[in-house]
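Heads up: numbering here begins at 1 and tracks the sequence.
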Amino acid sequence: MALTQDEKKQAVAKAALAYVEPDTVIGVGTGSTANYFIDALASMKHQIEGTVASSVATADRLKSHGIPVLDIHAVDEISVYIDGADEATRHLHLIKGGGAALTREKIVAAVSKKFVCITDDSKLVDVLGAFPLPIEVIPMARSYVARELVKLGGNPFWREGVVTDNGNLILDVHNLKILDPCELETQLNQITGVVTNGLFARRPADVLLLGGENGVETLE
Ligand code: 5RP
């Protein structure tokens, strides 16, 4: 019988345990795949120094397993960051932010020596952009940023009712042609009022683990 998407997510989350270095601090992402990783990490909780969480929800889940959650300011180094993605390419460029945690995820990824992205194989694409690109914006700038995004050819939708852990809003941008993810990531971050966007191209993943029908494929 074919594996479900959840079974693939679970398998890839378990495979990520091989990247957990004992006696170090681990960065932990947000979302359903990251949640499976947290559940698996519980079995190793006495072997690590602690974790840094990319969202309040992740911190809560880590704590519910008795896994120590550290303040990022108290941490010199994060050995590895494990997180999911909404889309990924073979160049290890990603779209993230489906769970609205993109800014904290980008900060933890920036601090981490290695970024291991874990997804099921439905997330692998040739060109990014079918998944609407999430952008975190300062509330006051929402309409202005939306107008600037339209000028770039995008079709932004306000994710109504969602407030990020940083107190900001999310615009989901449809119809962006993401042929040069590094360039677009920089360009979008120049719009006044944008906190950051969900393109992880300037700091891509270092390893992409893809859960599929025949097990876990490693791209690096
Ligand atoms: C949250 C994210 C998630 O990694 C992304 O949305 C994937 O989620 P899931 O593992 O539930 O498919 O970027 O902001």
So, [X] side chain and [Y] main chain: donor-acceptor pair closer than 3.5 Å or not?
X    : Y    : answer
N197 : L199 : yes
T58  : G29  : yes
N175 : G153 : no
D86  : G98  : yes
S43  : A40  : yes
T51  : A53  : no
S54  : V28  : yes
E7   : T4   : yes

Heavy atoms from other residues, nucleotides or ligands near CE of M140 exceed 12 (cutoff 6.0 Å):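 Not buried by this count: 12 neighbours or fewer within 6.0 Å.
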Heavy-atom neighbours of D71 CG exceed 12 at 6.0 Å: yes
Any salt bridge between [X] and [Y], counting N to O under 4.0 Å?
X    : Y    : value
K123 : E87  : no
E185 : K106 : yes
K114 : D206 : no

So [Y] and [X], do their side chains get closer than 4.5 Å, heavy atoms only?
X    : Y    : value
L210 : L124 : yes
P68  : E49  : no
E136 : N166 : yes
L169 : T164 : no
I78  : V108 : yes
E148 : T192 : no
E105 : T30  : yes
T218 : E220 : yes

Which atoms form the tightest heavy-atom contact between [X] and [Y], and what is the distance?
X    : Y    : value
L102 : K96  : CB-O, 4.3 Å
T119 : G84  : CG2-C, 4.3 Å
A205 : C117 : CB-CB, 3.8 Å
G193 : V145 : C-CG2, 4.1 Å
L133 : G198 : CD1-C, 3.7 Å
V69  : A59  : CG2-O, 3.9 Å

Do [X] and [Y] sit in one hydrophobic cluster, given that two such residues count as connected whenever their side-chain heavy atoms are within less than 4.5 Å of each other, even indirectly?
X    : Y    : result
V207 : F37  : yes
V173 : I191 : yes
V163 : I138 : no
L41  : V75  : no
V137 : Y144 : yes

Listed partners of [X] passing salt bridge (charged side-chain N to carboxylate O under 4.0 Å, His left out), at least two apart:
X    : value
E217 : R90
D165 : none
E77  : K113
D121 : K8

Under the side chain to side chain donor-acceptor pair (under 3.5 Å) test, residues paired with T186 that sit two or more places apart: R202
Which distance, rounded to the nearest 0.5 Å, do you find between the [atom1] of [X] and the [atom2] of [Y]?
X    : Y    : atom1 : atom2 : result
L62  : I67  : CG    : CD1   : 5.0 Å
L176 : L184 : CG    : CG    : 6.0 Å
L92  : L94  : CG    : CG    : 7.5 Å
N214 : L3   : CG    : CG    : 8.5 Å
I38  : I26  : CD1   : CD1   : 12.5 Å
C182 : Q187 : SG    : CD    : 13.0 Å

Centroid separation H174 to F157 less than 6.0 Å: yes
From CA spacing to verdict: side chain to side chain contact (heavy atoms under 4.5 Å, CB included), Y81, V116: CA-CA 6 Å; Y81 177 52; V116 176; over 6 Å; no
Worked check of side chain to side chain contact (heavy atoms under 4.5 Å, CB included) between H93 and L128: CA-CA 8 Å; H93 294 148; L128 297 172; 4.0 Å; yes
side-chain hydrogen bond (donor to acceptor under 3.5 Å, both in side chains) evaluation trace for D120 with S122: CA-CA 6 Å; D120 68 88; S122 71; 2.4 Å; yes
Scan the side chains in residues 9-24 for donor-acceptor partners under 3.5 Å anywhere in the protein, sequence neighbours excluded, and list what turns up.
unit_1, atom_1, unit_2, atom_2, d
K9, NZ, S32, OG, 2.9
T24, OG1, E21, O, 2.7
T24, OG1, S79, OG, 2.7

Working for side chain to side chain contact (heavy atoms under 4.5 Å, CB included), residues D172 and I170: CA-CA 6 Å; D172 292 307; I170 298 287; 3.7 Å; yes
Side chain to side chain contact (heavy atoms under 4.5 Å, CB included) evaluation trace for I82 with F115: CA-CA 6 Å; I82 314 275; F115 176 8; over 6 Å; no
